[in-house]
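Report on the following structure.
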Amino acid sequence: MENKLFQSGNVSFEYPDTWDIETADTFSNPDCIATLSKGESNLLNVVSFPTETNLDSYKEFMEKCIVDDGGVILSSEFIQIASMDAIKLHGNIKTPDITFDIHTYVFIQEGNIYIFELRTADYSSEAINEYADLIASFKLE
């Protein structure tokens with residue numbers, strides 16, 4: 001497995017060549033930087049936009065959104081990764097059509113928020129480990 005480099009504006013990260021870059025849905029989500037997929041079960045969206053919030057407030061907001069959508073928070077913590085402070089959240093959401101996990105990393109740097117959100121119905125550890133490596137390679141230039 002080889003790594004490829006994704007770069008857009010000041011954002012860059014490495015991703016495995018087993019993941020595909022999809023056309024980012026900037027019509028529905030103009031803040032979308034990248035969309036990647038791995039098979040049918042894994043979809044990663046990366047968004048960025050200016051913000052006045054902080055990690056503490058945004059963590060509470062994310063947790064509330066998942067619970068309000070009927071989801072369950074499995075873990076939610078502050079961590080340091082990619083040499084930055086971040087929120088790491090793992091939740092589970094059940095809909096009538098699908099049950100999936102949501103893995104989110106949030107960074108706030110210099111008045112901008114960067115959100116990496118993986119939705120996966122693949123419960124093997126492979127995609128999650130690759131996602132964690134991708135996050136660890138995240139850089140702002």
Side-chain angles (χ1 to χ4, degrees), residues 1-95 97-141:
M1 176 173 47
E2 298 278 327
N3 278 341
K4 294 183 177 182
L5 179 67
F6 176 88
Q7 190 162 11
S8 178
N10 68 332
V11 172
S12 68
F13 56 85
E14 295 179 9
Y15 65 97
D17 61 3
T18 55
W19 289 72
D20 295 315
I21 296 285
E22 304 290 339
T23 302
D25 182 9
T26 55
F27 181 75
S28 297
N29 187 354
D31 301 317
C32 189
I33 296 173
T35 299
L36 289 85
S37 65
K38 180 178 181 175
E40 297 281 325
S41 299
N42 302 288
L43 184 66
L44 168 64
N45 281 307
V46 183
V47 298
S48 173
F49 51 89
T51 188
E52 293 184 16
T53 193
N54 58 50
L55 288 175
D56 290 322
S57 297
Y58 203 78
K59 183 175 178 283
E60 289 177 29
F61 170 75
M62 285 186 349
E63 291 169 351
K64 183 177 182 331
C65 287
I66 288 175
V67 171
D68 287 352
D69 286 344
V72 175
I73 306 294
L74 302 174
S75 66
S76 181
E77 61 187 318
F78 295 107
I79 65 165
Q80 188 167 62
I81 190 166
S83 300
M84 292 177 267
D85 292 328
I87 301 165
K88 178 183 177 185
L89 184 135
H90 176 200
N92 181 267
I93 298 175
K94 295 180 183 181
T95 70
D97 299 325
I98 188 171
T99 298
F100 62 92
D101 277 7
I102 186 166
H103 296 268
T104 307
Y105 287 87
V106 176
F107 302 87
I108 297 177
Q109 296 289 313
E110 298 179 13
N112 289 301
I113 191 167
Y114 303 89
I115 304 169
F116 291 74
E117 183 175 273
L118 174 66
R119 293 176 182 238
T120 182
D122 174 2
Y123 299 106
S124 72
S125 60
E126 180 181 355
I128 303 306
N129 291 337
E130 291 172 350
Y131 172 59
D133 290 343
L134 179 151
I135 298 300
S137 74
F138 171 52
K139 292 181 184 161
L140 294 170
E141 299 176 21

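All figures in this text were calculated on a predicted structure; none of them were measured in a lab.
- With salt bridges taken as basic N to acidic carboxylate O contacts below 4.0 Å, none links Lys4 and Glu2.
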Query raised in the report: Could you walk me through whether Tyr131 and Tyr105 pass the ring pair (Phe, Tyr, Trp, His ring centres under 6.0 Å) check?
Result: CA-CA 10 Å; Tyr131 172 59; Tyr105 287 87; 5.4 Å; yes
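- Contact between Leu5 and Tyr15 at its shortest, heavy atoms only, is C-CE2, 4.0 Å.
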Query raised in the report: Would Phe13 and Ile135 satisfy side chain to side chain contact (heavy atoms under 4.5 Å, CB included), going step by step from the backbone distance to the final call?
Result: CA-CA 7 Å; Phe13 56 85; Ile135 298 300; over 6 Å; no
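- Minimum interatomic distance between Ala121 and Ile98 (heavy atoms only, all atoms of both residues): CB-CD1, 4.2 Å.
- Ring geometry for Tyr58 versus Phe61: interplanar angle of 30 to 60°, hence tilted.
- To the nearest 0.5 Å, atoms CE (Met84) and NZ (Lys139) are separated by 10.0 Å.
- Within 6.0 Å of atom CD in Glu110, 12 or fewer heavy atoms from other residues, nucleotides or ligands are found, so the atom counts as exposed in its surroundings.
- Residues Met62 and Ile87 are in side-chain contact: their nearest non-hydrogen atoms beyond the backbone lie under 4.5 Å apart.
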Report task. Decide side chain to side chain contact (heavy atoms under 4.5 Å, CB included) for Leu89 and Ile66; before the verdict, give the C-alpha distance in whole Å, the side-chain angles of both, and the deciding distance to 0.1 Å. Result -> CA-CA 10 Å; Leu89 184 135; Ile66 288 175; 3.1 Å; yes
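- Summarising the geometry, atom CD1 belonging to Ile102 is positioned 9.5 Å from atom NE2 belonging to His90; distances are rounded to the nearest 0.5 Å.
- Between Thr35 and Leu44 there is no side-chain heavy-atom pair separated by less than 4.5 Å.
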Requested in this report: Please lay out, stage by stage, how His103 and Ile128 fare under the test side chain to side chain contact (heavy atoms under 4.5 Å, CB included).
Outcome: CA-CA 8 Å; His103 296 268; Ile128 303 306; 3.3 Å; yes
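- Scanning both residues, Val47 and Cys32, for their nearest heavy atoms gives CG1-CA, 3.8 Å.
- Ser76 and Ile73 make their closest contact through CB-CG2, 4.0 Å (heavy atoms, listed as atom of the first residue, atom of the second, distance).
- Ion pair Lys59/Glu63 flagged as a salt bridge, since at least one NZ, NE, NH1 or NH2 atom sits closer than 4.0 Å to an Asp/Glu carboxylate oxygen.
- Of the inter-residue distances, the one linking Thr18 atom OG1 with Glu130 atom CD reads 4.0 Å to the nearest 0.5 angstrom.
- Asp69 places no side-chain N or O within 3.5 Å of a backbone atom of Gly71 that could act as its donor or acceptor partner.
- Taken to the nearest 0.5 Å, the CD atom of Gln7 stands 5.5 Å off from the CD atom of Glu141.
- To the nearest 0.5 Å, atoms CG (Asn10) and CD1 (Ile33) are separated by 7.5 Å.
- Listed for the Tyr114 side chain is no donor-acceptor partner under 3.5 Å among the backbone atoms of Phe138.
- Formation of a donor-acceptor pair under 3.5 Å by the Ser137 side chain with backbone atoms of Leu134 is found in this model.
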Query raised in the report: Going through the checks in order, is the side chain to side chain contact (heavy atoms under 4.5 Å, CB included) test met by Ile113 and Phe107?
Result: CA-CA 6 Å; Ile113 191 167; Phe107 302 87; over 6 Å; no
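- For the atom pair CZ of Arg119 and CG of Leu43, the computed distance is 8.5 Å after rounding to the nearest 0.5 Å.
- Across Leu55 and Ile108, no two heavy atoms sit closer than the pair N-CD1, 3.7 Å.
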